[in-house]
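It should be emphasised that the depicted structure is a prediction, and the values quoted were computed from it without experimental measurement. Both counts, for ligands and for their atoms, begin at 1 and track the order of listing.
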Amino acid sequence: MDMKVKQKKLNKKEKYTVQTRDLGWEPTYQSKDKIFPYVEYEGIKIHDWDKWEDPFRLSMDSYWKYQAEKERKYYAILDSFAQTNGHLNLTSARYLSAIKIFQQAITPGEYAAHKGFARAGREFPGAGTQVACQMQSIDEIRHAQTQVHGVSNYNKYYNGFHDFTQQRDRIWYTSLARSFFDDATSAGPFEFMIAIGFSFEYVLTNLLFVPFMSGAAYNGDIASVTFGFSAQSDEARHMTLGLECIKFMLEQDPDNLPIVQGWIDKWFWRGIRLLSLVGSMMDYMLPKKVMSWKEAWQIYGVENGGALFNDLARYGIRPPKGWEDADKAMDHVSHQLMLGLHQWNFGTSFHTDVPTEEEMDWLSAKYPDTFDKYYRPRWNFMKEQAEKGKPFKNMGLPKLCQVCQSPGLYTEPDDPTMLCHRETVFENEKYQFCSDHCMDIFNNEPEKYVQAYLPMNQLFQAPLYGDLNAWMDWVSLRDGVDNGDYELSEDKKNFDKWRNDVKSNSVD
Ligand code: FE
Ligand code: ZN
């Protein structure tokens with residue numbers, strides 16, 4: 001007779017080992033070089049993959065349990081927000097411009113990150129690394145999905161949300177984010193980890209999710225706050241993974257240091273350029289403001305980033321090369337970019353406005369050295385022009401930086417009255433840049449960046465041939481509906497009316 005064997009219950013650590021390390025095996029009929037062809041071509045030397053420690057040691061079953069719990073909470077809140085017409089509790093529908101940009105630029109980035117981590121998980125040989133990448137890949141697709149679901153409620157009532165997937169590729173301001181992710185997902189697996197795990201997660205999502213999500217809370221956007229917090233608890237895991245990956249590379253071989261430093265320099269700058277979009281969202285698009293972009297940078301960039309680089313100093317890592325220029329630019333970027341977005345707002349799938357007097361006073365208090373001197377006069381000019389019935393629109397096309405793809409609107413680090421413009425020739429073609437740092441990134445890998453897809457240039461090519469209306473169709477922009485000034489928009493008209501309907505009994 002068989003004796004019943006009582007299954008020994010595994011403790012957490014044993015369970016983790018069984019579900020990760022035990023899944024790896026030694027190949028017998030193919031060489032490792034053939035199975036993992038990309039792991040060496042970046043020049044990173046790894047001697048022992050087993051030294052990779054995933055910081056969270058999360059087993060798959062507890063991972064699903066945590067995530068399912070978050071999903072349940074998120075969708076319960078989302079449902080009640082939709083059922084109670086939560087959108088009418090927004091401070092103003094003007095606020096939604098920030099969410100439109102978020103959906104058009106950042107949400108597709110989450111999706112790209114999901115694809116990138118699925119690939120990185122396949123390309124890295126270590127089982128611990130593979131499992132960590134797989135979990136992050138699932139996290140990222142969840143972020144994309146929850147964000148799309150979060151805004152689907154706004155899409156029923158407001159314009160500009162209808163075609164974010166097309167706009168991600170075709171419209172101009174989204175290419176700041178799109179080109180960042182194109183660059184990251186076409187890099188080797190180690191560089192990808194620095195791009196997303198370090199630059200996007202560590203440096204940027206702190207700035208994006210924490211202060212920006214409090215902005216959402218201040219403005220009554222419970223849908224976004226809830227997805228923000230639901231994502232943020234994953235981000236903590238992602239940041240640790242990114243940092244672990246950096247330390248792993250640095251500990252494995254001293255030859256890895258200059259390569260890693262080069263990537264940190266590059267991806268810090270790419271990240272900071274992308275973030276200027278969030279700067280304009282925070283300083284200008286939130287009707288009720290939380291903190292200025294410069295203050296957010298001070299806390300999440302200078303203080304947290306500074307602590308990170310102190311920690312990495314023992315490996316020989318120094319702060320990124322563009323750090324000082326980024327710091328100087330904090331007094332300017334959100335204003336410069338917003339002035340750009342406003343004067344080209346016939347080509348944006350969101351609304352913009354000249355800030356109110358009250359907002360300008362806030363901006364001048366937050367930017368005492370620069371706002372009144374350089375930016376208030378320009379806003380005042382735009383306001384006067386609009387009042388005369390001749391709103392200032394810039395029908396000229398800006399040059400786009402070949403690397404970060406921002407329009408040429410940023411100024412020299414030490415002269416805010418001089419546009420910053422750099423140029424290089426590669427194989428008889430001229431290329432333009434927004435800064436020394438973007439030019440350096442190009443010069444380091446020109447063969448890669450000559451292939452960059454610049455959306456603005458499409459306007460002059462077949463089938464558009466410079467026709468602005470054809471371009472609007474091509475980017476799914478409904479002229480007079482999705483674009484232009486908020487004051488004149490259908491979004492404003494509807495929002496004011498619906499809000500009024502809540503409080504009155506008027507019939508119309
Ligand atoms: Fe994410
Ligand atoms: Zn650039």
salt_bridge([X], [Y]) N-O dist < 4.0 Å:
X: Arg168; Y: Asp182; answer: yes
X: Arg94; Y: Asp353; answer: no
X: Arg142; Y: Asp139; answer: no

Six-ring centre of Phe309, Arg318 cation under 6.0 angstrom, axis tolerance 45°: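 Judged by the rule (NZ or CZ under 6.0 Å from the ring centre, within 45° of its axis), Arg318 is not positioned above Phe309.
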
Angular separation of Cys438 SG and Cys401 SG about the Zn ion (ligand 2), given to 10°: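 My answer is 110°, to the nearest 10°.
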
With the Zn ion (ligand 2) as the apex, the SG/SG angle for Cys434 and Cys404 - to 10°: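 About 100°, to the nearest ten degrees.
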
The Zn ion (ligand 2) contact by His437, N, O or S atom under 2.8 Å: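 No.
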
